[in-house]
J.: 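Take a look at the following structure, please.
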Amino acid sequence: MFVMTAKLSKSKLFAAGLILLAAIILIVVFVTAGGGDAVENTPVGETNDDRVAYLASFGWSVNAQPKQTQQVKIPDSTENKVFARYNELQISQGFDLTKYAGKEATRYVYEILNYPEAKEPVYASILVYDGKIIGGDITDSSPNGLIHGFQMPSGTNSDASEEAQEPTSGEANEETGISELPSEASEEMTQTATEG
C-alpha cells in the first residue's frame with residue numbers, strides 16, 4: 001500500500017478557497033442570466049395594440065376594444081384541479097402560470113370576428129403580468145364549442161391539431177380527461193383575488 005501526504009500552506013489553502021468561491025459565483029451568475037432570457041422572450045402585452053397585434057400574429061381578427069378587463073390572482077398551488085388543467089393548456093403553448101403563483105395578473109377578453117364557422121361568439125383571453133403576456137386561450141361559447149390555445153384550429157390556415165383543443169362543456173375529452181373550462185379557472189382566479 002502506498003500513502004501520499006501533502007503539506008499545504010495557509011496561503012495555498014486560501015487561494016484554493018478563493019478559486020472555489022469564484023467558480024460558485026460564476027455558476028450562480030450564469031444560471032441567473034439564463035432565467036432573465038426567458039422573461040425577455042415573453043411576448044409584450046403592455047398596450048391594447050400589443051395584445052391585438054399578438055392575436056393577429058395567429059391570424060385572429062378581433063374587436064379592438066376588450067369586452068372585459070379584470071384583475072385575477074394566479075392560484076398558489078397546482079393542487080387546484082381546474083387551474084392545473086388550465087396550466088397544461090398554457091404549457092402546451094409555451095407558457096407556465098406556476099411561475100406567477102400568488103401574483104395578480106390582468107385578464108383581457110376580446111371578441112374574435114373571424115373564427116371559422118362560428119355560430120356563437122368566440123373569445124380570446126389574454127393574461128398579462130408586468131406588461132408581458134403570460135398565457136391565454138380561445139373559447140368558443142357555443143354548447144359544443146372548444147377551448148384551445150392561440151393557434152387557429154385545424155382546417156384553417158394553421159397546423160394546430162384537434163388534440164390541442166378541449167371541450168368547453170359536457171363530457172371530458174377522452175384523450176386529455178379535461179372537462180372543466182379554462183375560463184372557469186380564470187373565474188376561480190378572480191374569486192381568489194376578491195376573497196384575498
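Please read all numbers here as calculations on a predicted model, not as lab measurements.
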J.: How long is the span from the OH atom in Y108 to the OG1 atom in T69, to the nearest 0.5 Å?
T.: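 Y108 OH to T69 OG1: 6.0 Å, rounded to 0.5 Å.
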
J.: Atom CD1 of I147 and atom CG of L89: how far apart are they, to the nearest 0.5 Å?
T.: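 So the CD1 of I147 and the CG of L89 are separated by 7.0 Å.
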
J.: Which ILVMFWY residues can you reach from Y123 by hopping between side chains whose heavy atoms are under 4.5 Å apart?
T.: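 Noted: Y123 shares its cluster with V109.
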
J.: Please answer whether the main-chain N or O of D137 pairs with a side-chain N or O of S125 as donor and acceptor at a distance below 3.5 Å.
T.: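 No, the answer is negative, given that no donor and acceptor are paired below the 3.5 Å cut-off.
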
J.: Side chains of N144 and S142 only: does a donor on one sit below 3.5 Å from an acceptor on the other?
T.: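 Distance-only check fails for N144 and S142.
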
J.: Measure across I134 and A105 and return the closest heavy-atom pair with its distance rounded to 0.1 Å.
T.: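 The pair with the smallest heavy-atom distance is CD1-CB, 4.1 Å.
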
J.: Please step through side chain to side chain contact (heavy atoms under 4.5 Å, CB included) for the pair L127 and L97, ending with a clear verdict.
T.: CA-CA 10 Å; L127 294 171; L97 295 177; 4.0 Å; yes

J.: Among all residues two or more places apart in sequence or in another chain, which pass the side-chain contact (heavy atoms from CB on, under 4.5 Å) test with V52?
T.: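 In terms of side-chain contact (heavy atoms from CB on, under 4.5 Å), with neighbours along the sequence ignored, V52 is linked to N48, V62, Y110.
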
J.: Just to verify, what does T98 make a side chain to side chain donor-acceptor pair (under 3.5 Å) with, not counting sequence neighbours?
T.: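 So T98 forms a side chain to side chain donor-acceptor pair (under 3.5 Å) with D96.
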
J.: Give the minimum heavy-atom separation between E111 and P121, together with the two atoms involved.
T.: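 Result for this residue pair: OE2-CB, 4.1 Å.
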
J.: For E120, enumerate each residue passing the side chain to side chain donor-acceptor pair (under 3.5 Å) test, keeping only those at least two apart in sequence or located in another chain.
T.: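 So E120 forms no side chain to side chain donor-acceptor pair (under 3.5 Å) with any residue.
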
J.: Any donor and acceptor pair, going by atom type alone, linking the side chain of Q93 with main-chain N or O of G136 inside 3.5 Å?
T.: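 Checking the backbone N and O of G136 against the side chain of Q93, a donor-acceptor pair under 3.5 Å is found.
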
J.: Checking A118 now: which residues fulfil side-chain contact (heavy atoms from CB on, under 4.5 Å) with it, not counting sequence neighbours?
T.: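 A118 satisfies side-chain contact (heavy atoms from CB on, under 4.5 Å) with Y115, V122 once adjacent residues are dropped.
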
J.: Not counting sequence neighbours, which residues clear side chain to side chain donor-acceptor pair (under 3.5 Å) with T47? List them please.
T.: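 By the side chain to side chain donor-acceptor pair (under 3.5 Å) rule, T47 matches D50.
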
J.: Got a sec, which residues hit ring pair (Phe, Tyr, Trp, His ring centres under 6.0 Å) with F150, two or more places apart in sequence or on another chain?
T.: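 Per chain and number, F150 pairs via ring pair (Phe, Tyr, Trp, His ring centres under 6.0 Å) with Y54, F58.
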
J.: Could you tell me whether the side chain of Q70 reaches within less than 4.5 Å of the side chain of T106, counting heavy atoms only?
T.: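 Answer no - side chains too far apart.
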
J.: Looking at residues at least two apart in the chain, or sitting in another chain, which of them share a side chain to side chain donor-acceptor pair (under 3.5 Å) with E46?
T.: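 Here no residue qualifies.
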
J.: Considering only Ile, Leu, Val, Met, Phe, Trp and Tyr, and joining two whenever side-chain heavy atoms are under 4.5 Å apart, list the other residues clustered with I91.
T.: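 Taking Ile, Leu, Val, Met, Phe, Trp and Tyr as members, I91 stands alone, with no cluster partners.
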
J.: Just how far is it from atom CD1 of I74 to atom OH of Y129, taken to the nearest 0.5 Å?
T.: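 Going from the CD1 atom of I74 to the OH atom of Y129 covers 10.0 Å.
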
J.: To the nearest 0.5 angstrom, please state how far the NZ atom of K99 sits from the CZ atom of F95.
T.: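 That separation rounds to 10.0 Å.
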
J.: Are the side chains of I138 and W60 in touch, meaning some heavy atoms are under 4.5 Å apart?
T.: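 Yes, their side chains come closer than 4.5 Å.
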
J.: Quick one: does R107's side chain have a donor or acceptor within less than 3.5 Å of a partner on V72's backbone?
T.: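 No.
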
J.: To the closest 0.5 Å, what do you measure between NE2 (H148) and CG (D140)?
T.: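 Here the interatomic distance stands at 7.5 Å.
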
J.: Specify the closest pair of heavy atoms between G45 and I133, including all atoms of both residues, with the distance to one decimal.
T.: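 That would be CA-CG1, 3.7 Å.
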
J.: Please answer whether the main-chain N or O of F83 pairs with a side-chain N or O of N80 as donor and acceptor at a distance below 3.5 Å.
T.: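 Such a contact is found between N80 side chain and F83 backbone.
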
